[in-house]
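Below is one structure; the comments refer to it alone.
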Amino acid sequence: MVGGNLFNVLPRLGFVWPRGLGFPRILRTDGRDAAVWAAVVALAGVRLGRPLRRREALPVLESAFGELAVLSAGGEYGLEQSDIVSWLFGVRRSGRIPLASAINANTWVEFVMRVVDARLKYKRTVTPVIQAGNQQNLSGFAREVDRFWSIIEQKWLRDTVFLMMVDEPDLFGESLDWDGDEEDWDPSSSQN
């Protein structure tokens, strides 16, 4: 695998990334960070032995969130009939987003939630004056996350599971733990 980590290729401007997960880790485990990292490296077409640069990673990430925005705007994969987590699993199963297809379903869902949460934390904690001054320098990735959020916000906020995760991020790994193993878990097939 190409040396480096996921945190190093994510933009800082426009996001407040989690610090309590074993910084610089973004996701709950090193393995999940490494899985997203490896998928981005592969999708960016980086040769082994050469580090991935942020400018090479961002188009992969922008594409993933751009497609999420398109799919959510179109209401595809039963968005209105299911909770957001089930919808994200459905999007992954569809194969429409290469990044989602390249990683485990649980890792995909956690990655989407962490990215959106980091963007929302920026908007909650950085003053509007500073945000306005930074607007022109935001990455296309931040803009695609905003586009996705503008479409999905009402649905996201109605889904209790996401309210829990956005308002109390430390509950994320506890109440909705997917065993820590990397097998796919699909809430629509659970007996609960």
Side-chain angles (χ1 to χ4, degrees), residues 6 10-18 21 26-28 32 35-36 39-40 43 57-126 128 131 134-135 138-173 175-176 178 184-190:
L6 182 59
L10 293 170
R12 304 300 185 276
L13 183 62
F15 297 88
V16 176
W17 298 108
L21 297 171
I26 299 299
L27 304 177
R28 206 162 34 98
R32 288 184 176 195
V36 175
V40 172
L43 292 167
L58 287 178
V60 173
L61 301 171
E62 289 169 22
S63 171
F65 276 83
E67 188 64 17
L68 276 175
V70 168
L71 295 174
S72 60
E76 295 187 47
Y77 307 108
L79 177 60
E80 289 304 316
Q81 291 75 36
S82 64
D83 63 85
I84 194 75
V85 172
S86 296
W87 181 76
L88 287 169
F89 277 111
V91 166
R92 181 186 175 274
R93 278 191 301 273
S94 76
R96 298 257 316 255
I97 300 176
L99 179 61
S101 298
I103 58 178
N104 171 278
N106 298 327
T107 303
W108 162 246
V109 170
E110 183 182 357
F111 179 67
V112 170
M113 293 186 307
R114 291 281 187 216
V115 167
V116 171
D117 188 49
R119 184 74 179 119
L120 295 177
K121 281 182 184 171
Y122 172 83
K123 290 180 173 195
R124 285 192 312 260
T125 59
V126 175
Q131 285 185 45
N134 289 338
Q135 193 64 30
L138 282 179
S139 66
F141 177 51
R143 293 178 200 283
E144 290 296 347
V145 173
D146 286 348
R147 189 165 68 107
F148 172 60
W149 176 250
S150 72
I151 296 164
I152 200 84
E153 178 179 13
Q154 292 306 310
K155 173 68 174 162
W156 184 300
L157 295 175
R158 283 193 306 264
D159 288 348
T160 307
V161 69
F162 270 75
L163 279 174
M164 249 185 353
M165 291 174 199
V166 170
D167 292 339
E168 300 183 51
D170 22 349
L171 288 178
F172 179 73
S175 61
L176 293 175
W178 295 298
D184 286 351
W185 175 78
D186 184 343
S188 63
S189 65
S190 119

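Every value quoted in this text rests on a predicted model; they were computed, and no experiment measured them. Numbers here are sequence positions counted from 1. Computed over heavy atoms, backbone and side chain alike; hydrogens, waters and symmetry mates excluded.
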Gap separating the [atom1] atom of [X] from the [atom2] atom of [Y], nearest 0.5 angstrom:
X      : Y      : atom1 : atom2 : answer
Arg143 : Arg119 : CZ    : CZ    : 8.5 Å
Leu71  : Ser94  : CG    : OG    : 6.0 Å
Asn134 : Leu13  : CG    : CG    : 4.5 Å
Leu99  : Leu68  : CG    : CG    : 9.5 Å
Trp17  : Asp117 : CH2   : CG    : 9.5 Å
Leu27  : Met113 : CG    : CE    : 9.5 Å

Exercise. With a 4.5 Å limit on heavy-atom distance, are the side chains of Phe111 and Leu88 in contact?
Worked result: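 In short, these two side chains do not touch, never coming nearer than 4.5 Å.
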For this session: Using a 4.5 Å cut-off on heavy atoms from C-beta on, say whether the side chain of Asn106 contacts that of Phe89.
Result: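 Phe89 reaches Asn106 side chain to side chain.
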Exercise. Please walk me through it: do Phe141 and Val60 pass side chain to side chain contact (heavy atoms under 4.5 Å, CB included)?
Worked result: CA-CA 9 Å; Phe141 177 51; Val60 173; over 6 Å; no
For this session: List the steps and the verdict of side chain to side chain contact (heavy atoms under 4.5 Å, CB included) for Val36 and Ile26.
Result: CA-CA 10 Å; Val36 175; Ile26 299 299; over 6 Å; no
Heavy-atom pair with the smallest gap, counting every atom of [X] and [Y]:
X      : Y      : answer
Ile151 : Ser72  : CG2-OG, 3.3 Å
Glu62  : Glu144 : O-CG, 3.7 Å
Gly95  : Ser101 : CA-OG, 3.4 Å

Quick one: does [X]'s side chain have a donor or acceptor within less than 3.5 Å of a partner on [Y]'s backbone?
X      : Y      : answer
Arg147 : Gly66  : yes
Gln131 : Lys123 : yes
Arg92  : Ile103 : yes
Arg12  : Leu10  : yes

Problem set entry | Candidate list Val145, Leu58, Leu61, test side-chain contact (heavy atoms from CB on, under 4.5 Å), partner Ser139, passing option |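 When Val145, Leu58, Leu61 are each tested with Ser139, the side-chain contact (heavy atoms from CB on, under 4.5 Å) holds only for Leu58.
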For this session: Using the six-membered ring wherever Trp is involved, compare the ring planes of Phe65 and Trp108 and label them parallel, tilted or perpendicular (cut-offs 30° and 60°).
Result: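 It falls in the tilted class, 30° to 60°.
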